[in-house]
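Presented below is the structure to which this report refers.
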Amino acid sequence: MQGLNQPATDYTIDELMCVCIARQIEDGELVVQGIATPLVVAGYLLARLTHAPNIAFASAIGQTFCRDWAPLSITQVEALWLGKAMGRFDFAQAVCELLPTYRPKEFFRPAQMDAQGNTGNVVIGDYSSPKLRLPGCGGIADVTAYEERMCFYVPRHSRVTFVERVDFVSGLGVGAGPADRPATGPIYLITDLGQFDFANGRMRLISVHPGVTVEQVQAKTGFPLQIAPDLQETAPPTNEEVRLLREVIDPLGIRNLERLSGAQRRAKLHEIIEREQGARLGKLQ
Amino acid sequence: MDKRITLTEAVQLVRPGDTLALGGMTLYRRPVAFVRELIRQGTGDLTLLAFTAGYESDLLVGAGLVKRVRTCYFGLEIFGLAPMFSQRVERGDIEVVEETEASLAFGLRATLAGVGFMPGQGWFGTDLLRVRPDVKLVTDPYSGSQYVAFPAIKPDVAVIHAPVATRAGDVVLRGNLAVDCQLAMAADRVIITAERIVEQPDEPLDIIGVAVDAVVEAPRGAAPTSCWPDYPLDGAEMLRYVEACTGGGFDAYLNAFLDG
């Protein structure tokens with residue numbers, strides 16, 4: 001039997017991303033969960049169950065303050081965010097008061113990002129006749145104007161996301177705010193290929209995941225990549241971290257939905273919903 | 001005062017061309033029963049205002065009743081894009097007034113404070129100011145800093161689904177409030193659809209009856225979105241909807257929905 005804290009050899013890329021997100025969390029922090037971001041929630045819960053037992057959650061769904069947790073769910077999220085809430089607020093309070101004051105940690109998923117960390121979540125293509133209309137930026141355009149430590153994640157690193165020029169900028173990148181408040185913006189990005197910072201004002205590769213080469217990362221990035229002189233290989237998860245993710249935090253594998261696409265994603269979503277609702281309906285009948 | 005009316009009567013409080021605000025959050029506590037009756041009556045030319053817009057809003061857009069959308073997020077969470085919204089914007093059939101969390105929250109707060117705008121720190125360095133020429137900058141008279149002057153937002157009608165209400169329109173929402181309380185205070189006409197009408201709620205109120213014009217008893221009025229803790233989100237129905245639309249089957253889905 002392998003040791004709990006030994007590096008795992010059997011792990012998936014989504015699990016490695018969750019572990020990297022967990023490593024960014026400091027104990028005692030307030031963390032925010034955005035809409036449809038299960039990979040991030042799994043990372044937060046991993047931090048909560050390992051090195052950061054005192055973090056507090058503020059969820060976009062529910063708008064509550066919560067210290068307790070529950071395994072990831074799709075149709076039962078309110079049982080956690082409302083059922084286990086210790087206090088609640090509303091979205092106007094969150095936007096106008098809490099976010100600018102407490103500056104909680106949140107991981108945003110950009111549809112497009114350029115080298116300076118400007119992001120787009122509104123359209124792909126020309127704004128007036130878009131190739132693809134996306135849901136919108138939520139509050140990214142608001143918080144990037146003042147937040148100095150923005151974190152991002154991209155589950156599928158490609159030239160579709162990392163572009164020379166963002167079609168419609170709905171999130172401010174490095175240091176382009178008003179003269180008296182030049183927000184320093186993004187500080188951390190995790191993708192399925194590596195980890196990045198913005199140390200010199202441009203996206204910079206600081207670690208490649210095991211088995212990934214710098215050339216592969218560059219080939220999937222639509223602009224010349226900066227490379228940190230002390231480039232590392234990302235440390236793999238431990239056996240215990242993988243066990244927690246698979247057995248305790250996300251037994252249904254909801255985090256996988258962020259990595260899948262097309263028919264595979266559809267099939268996985270059906271399977272998860274059938275397992276969640278089947279279990280519930282089974283109890284009722 | 002008894003403000004109870006039927007769903008049919010409540011929909012008649014919406015006039016063609018109104019700015020219609022829908023309460024709830026993404027796929028939670030959305031006024032689906034109201035939307036069903038609104039589509040049956042065919043009241044159109046609407047400006048749809050929602051903090052976040054989900055399944056209920058996509059049905060309205062697909063039914064062709066919406067000419068303009070104001071929201072910071074229009075989608076179906078983990079179930080994907082809102083198919084009819086994305087399609088109609090890509091075709092150029094509807095206008096989008098780009099909003100963010102701050103423009104909606106500050107805009108509603110401006111209306112409640114009785115002023116024309118509220119300043120905020122957001123939007124600088126983005127393309128939002130370019131596509132919203134109606135939104136101006138303002139100089140702080142004390143520090144000289146520049147801020148965005150988010151204009152006041154005033155809905156004509158707000159429709160909010162609640163687990164519990166009284167005949168007089170006192171409302172218990174139980175969380176996931178989004179901006180429902182602000183919508184109820186800001187709108188000219190406020191309609192509450194409720195799972196249950198009670199004499200005296202035993203929980204704190206979220207909306208007081210003086211804000212409310214009409215109350216409609218509508219059991220399961222948010223389904224297939226959730227009304228916590230009475231019933232959860234019906235994920236299987238979200239999948240059916242997305243897959244129907246992907247296969248070009250929105251009209252058939254809508255017909256079945258209207259018969260429901």
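By convention in this document, chain letters (A, B, ...) are assigned in the order of the sequence lines, proteins followed by strands, and residues within each chain are numbered from 1.
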Non-hydrogen atoms of chain B under 4.5 Å away: do they reach the side chain of A:V77, the backbone, both or neither?
side chain
Test: B:R29 and A:E78 ion pair at under 4.0 Å
no
For a 4.5 angstrom cut-off between non-hydrogen side-chain atoms, does A:F168 reach B:R130?
yes
Would you give the length of the straight line joining atom CD of B:E98 to atom OH of A:Y127, rounded to the nearest 0.5 angstrom?
3.0 Å
Heavy-atom pairs under 4.5 Å with chain B are the metric here; pick the option from A:D90, A:I254, A:V166 that has the most.
A:D90
Does any part of the side chain of A:R133, heavy atoms only, come nearer than 4.5 Å to the side chain of B:F74, both counted from C-beta?
no
Between CG on residue B:L177 and CD on residue A:Q63, distance to nearest 0.5 Å:
6.0 Å
Interface moiety of A:L132 toward chain B, non-hydrogen atoms closer than 4.5 Å
both
If you round to the nearest 0.5 Å, how far is CG of A:N121 from OH of B:Y73?
10.5 Å
With a 4.5 Å cut-off on side-chain heavy atoms, are B:R174 and A:L82 touching?
no
Working to the nearest 0.5 Å, report the span between CD of B:E99 and SG of A:C137.
10.5 Å
Mind checking the CD-CD spacing from A:Q277 to B:E237? Nearest 0.5 Å is all I need.
9.5 Å
Value rounded to 0.5 Å, distance of CG in B:L104 from CG in A:D142
9.0 Å
Under a 4.5 Å heavy-atom cutoff, which of B:I78, B:T52, B:V96 has the most pairs with chain A?
B:I78
Considering only heavy atoms from C-beta outward, does the side chain of B:D234 approach that of A:T75 to under 4.5 Å?
no
Given side chains that start at C-beta, do those of B:R109 and A:Q93 come closer than 4.5 Å, heavy atoms only?
yes
Could you tell me whether the side chain of B:F79 reaches within less than 4.5 Å of the side chain of A:I74, counting heavy atoms only?
yes
Can you find a pair of side-chain heavy atoms, one from B:L81 and one from A:P135, that are under 4.5 Å apart?
yes
